[in-house]
Amino acid sequence: MATHFQRGLIGDESLVPTSAAGLTFPFGDRAPQPGELLTIAPGIRWWRVPMSGPLKHVNGLILDDGADGSGELLAIDTGTASPRSTEAWRTILDGPLAGQRIARILCTHMHPDHIGLAGWLSRRFGDAPILMTRTEWLMARMLSADARPEVPEEQVAFWRAAGWDDAQIAEAAKGGFAQFGKMIAPLPLGYTRIRDGEMLSIGGTAWRVVVGSGHSPEHACLLDEQRRILIAGDQVLPRISSNVSLHANEPGGDPLGDWLASIERFRALPDDLLVLPGHGDPFYGLHARLDALEREHLDRLDALEAHLATPRRAVDCFGQLFRRPIGPDVIGMATGETLAHLRRLELSGRAVHAMRDGVRWYSRA
């Protein structure tokens with residue numbers, strides 16, 4: 001079982017409720033069945049990598065990546081290093097992909113459901129290169145290497161400042177500080193860096209790298225401008241909001257500010273793109289989805305500011321942001337999301353905080 005901190009760090013789904021109004025799903029209820037690859041467009045196949053947890057799967061993509069008939073492929077996002085995900089890969093490699101070679105692996109970002117089997121796939125295909133943005137690669141390497149039997153004091157202080165009691169801290173600390181590395185296969189020493197704005201040739205098609213932030217630091221999306229296709233990873237999801245959390249490894253960060261700025265950047269993309277998300281179904285309606293994601297967070301910032309008419313700890317703000325009870329299974333993620341909203345209010349001059357006995361109390365400015 002992952003610690004609360006790490007469960008929040010790798011969780012893709014936000015606890016903030018959302019709406020998918022205004023979207024069109026061109027495949028309807030049709031989705032890949034176990035072991036099946038569904039063709040999205042020439043040279044692009046979609047499959048679902050099963051995994052544990054409420055999301056149940058991550059969307060994988062297989063793109064043709066060589067000369068006609070070469071059988072070389074590029075795999076995008078991999079599932080976790082778990083028996084379920086690994087067995088699913090073996091099924092498609094021995095089935096619909098038999099005789100073909102994964103020549104490159106691209107991971108949109110560093111969360112284990114997207115990078116977990118990248119190292120395993122790389123080794124299976126003779127050290128096939130892994131393509132990632134630099135920050136995502138380094139974060140994955142850092143988190144997998146920073147394994148400790150005890151939770152660091154800085155993390156305990158972070159929880160306490162948010163208002164956790166001794167029992168909650170003790171429960172969260174039971175798993176130690178080593179879970180991230182257990183969810184990903186060992187990564188190779190080197191990787192291939194991709195950058196915002198770079199053009200990648202994949203099977204003769206030009207894809208532009210479009211980077212977003214907030215859910216993860218340097219999340220890579222891919223845009224085929226000619227065919228109007230956006231591989232969006234977790235930067236734009238159709239029916240759930242992506243988790244946007246503040247963590248102890250960057251307590252002065254502004255992930256929600258980064259997220260809102262990324263929404264503005266992605267609005268510059270055409271609205272008629274077929275969006276291929278990391279979870280859920282392909283959809284049309286990029287701008288409507290961006291508008292909804294922004295509106296939901298801005299509304300919650302307003303509600304949270306009003307709530308701070310009386311000084312509050314982060315744990316006292318859960319009811320303003322989330323409609324579900326916050327138990328020990330999601331308190332880490334709820335804390336991270338709440339702190340991201342409180343930090344945004346602070347940086348925009350709408351809230352202030354004071355430390356008392358190691359606990360941070362927030363008030364409306």
Side-chain angles (χ1 to χ4, degrees), residues 12-13 20 23-66 68-80 82 84-109 113-118 121 124-125 131 200 202-205 207 220-240 272-286 289:
D12 280 347
E13 182 176 7
L23 305 187
T24 301
F25 297 92
F27 291 90
D29 295 331
R30 180 75 170 97
Q33 299 303 303
E36 179 188 18
L37 299 174
L38 187 61
T39 297
I40 294 284
I44 305 175
R45 287 174 283 179
W46 166 36
W47 73 299
R48 285 185 160 164
V49 193
M51 61 183 191
S52 300
L55 294 179
K56 298 182 180 178
H57 63 258
V58 64
N59 288 328
L61 294 170
I62 304 293
L63 277 60
D64 292 346
D65 192 29
D68 290 345
S70 72
E72 290 199 339
L73 307 169
L74 179 141
I76 299 180
D77 292 342
T78 67
T80 57
S82 64
R84 290 185 66 191
S85 294
T86 305
E87 183 56 33
W89 267 105
R90 291 194 174 107
T91 298
I92 69 161
L93 291 174
D94 294 339
L97 298 183
Q100 299 177 78
R101 177 175 177 268
I102 304 291
R104 295 190 289 177
I105 302 125
L106 188 149
C107 300
T108 57
H109 61 298
D113 51 334
H114 298 263
I115 195 178
L117 284 172
L121 270 178
R124 179 172 175 130
F125 288 96
L131 284 63
L200 295 179
I202 304 174
T205 297
W207 293 82
C221 303
L222 296 181
L223 174 64
D224 178 347
E225 295 183 88
Q226 183 173 359
R227 292 190 293 176
R228 320 301 273 187
I229 298 172
L230 177 68
I231 297 173
D234 287 351
Q235 196 65 38
V236 189
L237 299 176
R239 290 190 171 96
I240 60 175
D272 62 350
L273 301 175
L274 174 61
V275 182
L276 308 183
H279 303 277
D281 300 319
F283 68 95
Y284 289 103
L286 174 64
R289 187 64 186 135

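Note that this is a predicted model, so its numbers are computed, not measured.
By the 4.0 Å N-to-carboxylate-O rule, Arg239 lies close enough to Asp281 to be salt-bridged with it.
Arg289 places none of its side-chain heavy atoms less than 4.5 Å from the side chain of Val275. Under the 4.5 Å side-chain criterion, counting only non-hydrogen atoms from C-beta, Phe25 is in contact with Pro238. In this structure, the side chains of Leu93 and Phe125 come closer than 4.5 Å at one or more pairs of heavy atoms.
Closest of all the heavy-atom pairs between Ile115 and His109 is CB-O, 4.1 Å. Between Pro277 and Leu237 the shortest heavy-atom distance is CB-CD2, 4.0 Å. Between Ser85 and Thr80, the shortest heavy-atom distance links the atoms CB-O, 3.1 Å. When all heavy atoms of Pro26 and Pro282 are compared, the pair lying nearest together is CD-O, 3.4 Å. The two residues Cys221 and Gln235 come nearest to each other via the heavy atoms SG-CB, 3.7 Å. The two residues Thr78 and Leu117 have their closest heavy-atom pair at OG1-N, 2.9 Å.
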Passes side chain to side chain contact (heavy atoms under 4.5 Å, CB included), Thr205 versus Gln226? Steps please. CA-CA 9 Å; Thr205 297; Gln226 183 173 359; over 6 Å; no
Walk me through whether Leu273 and Glu225 qualify under side chain to side chain contact (heavy atoms under 4.5 Å, CB included). CA-CA 8 Å; Leu273 301 175; Glu225 295 183 88; over 6 Å; no
Verify side chain to side chain contact (heavy atoms under 4.5 Å, CB included) between Leu222 and Ile76, making sure each step is shown before the conclusion. CA-CA 10 Å; Leu222 296 181; Ile76 299 180; 4.0 Å; yes
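The distance from atom CD1 of Ile44 to atom CG of Leu61, rounded to the nearest 0.5 Å, is 7.5 Å. To the nearest 0.5 Å, atom CG of residue Asn59 and atom NE2 of residue His114 are 9.0 Å apart. Interatomic distance, CG of Leu63 versus CG of Asp224, reported as 9.5 Å (0.5 Å rounding). Taken to the nearest 0.5 Å, the CG atom of Leu121 stands 8.0 Å off from the CZ atom of Arg124. Taking CD from Gln100 and CD1 from Ile102, the interatomic distance works out to 8.0 Å, rounded to the nearest 0.5 Å. The distance from atom CG of Leu38 to atom CH2 of Trp46, rounded to the nearest 0.5 Å, is 6.0 Å.
In terms of modelled atom types and a separation under 3.5 Å, the side chain of Arg227 and the main chain of Pro42 share a donor-acceptor contact. With Asp77 contributing its side chain and Thr108 its backbone, the two residues share a donor-acceptor pair below 3.5 Å. Between the side chain of Arg84 and the backbone N or O of Val49, no donor-acceptor pair lies under 3.5 Å.
The residue from Leu230, Val236, Ile231 that alone fulfils the side-chain contact (heavy atoms from CB on, under 4.5 Å) condition with Leu276 is Ile231.
Taking the six-membered ring where the residue is Trp, His279 and His57 present tilted rings, their angle falling between 30° and 60°.
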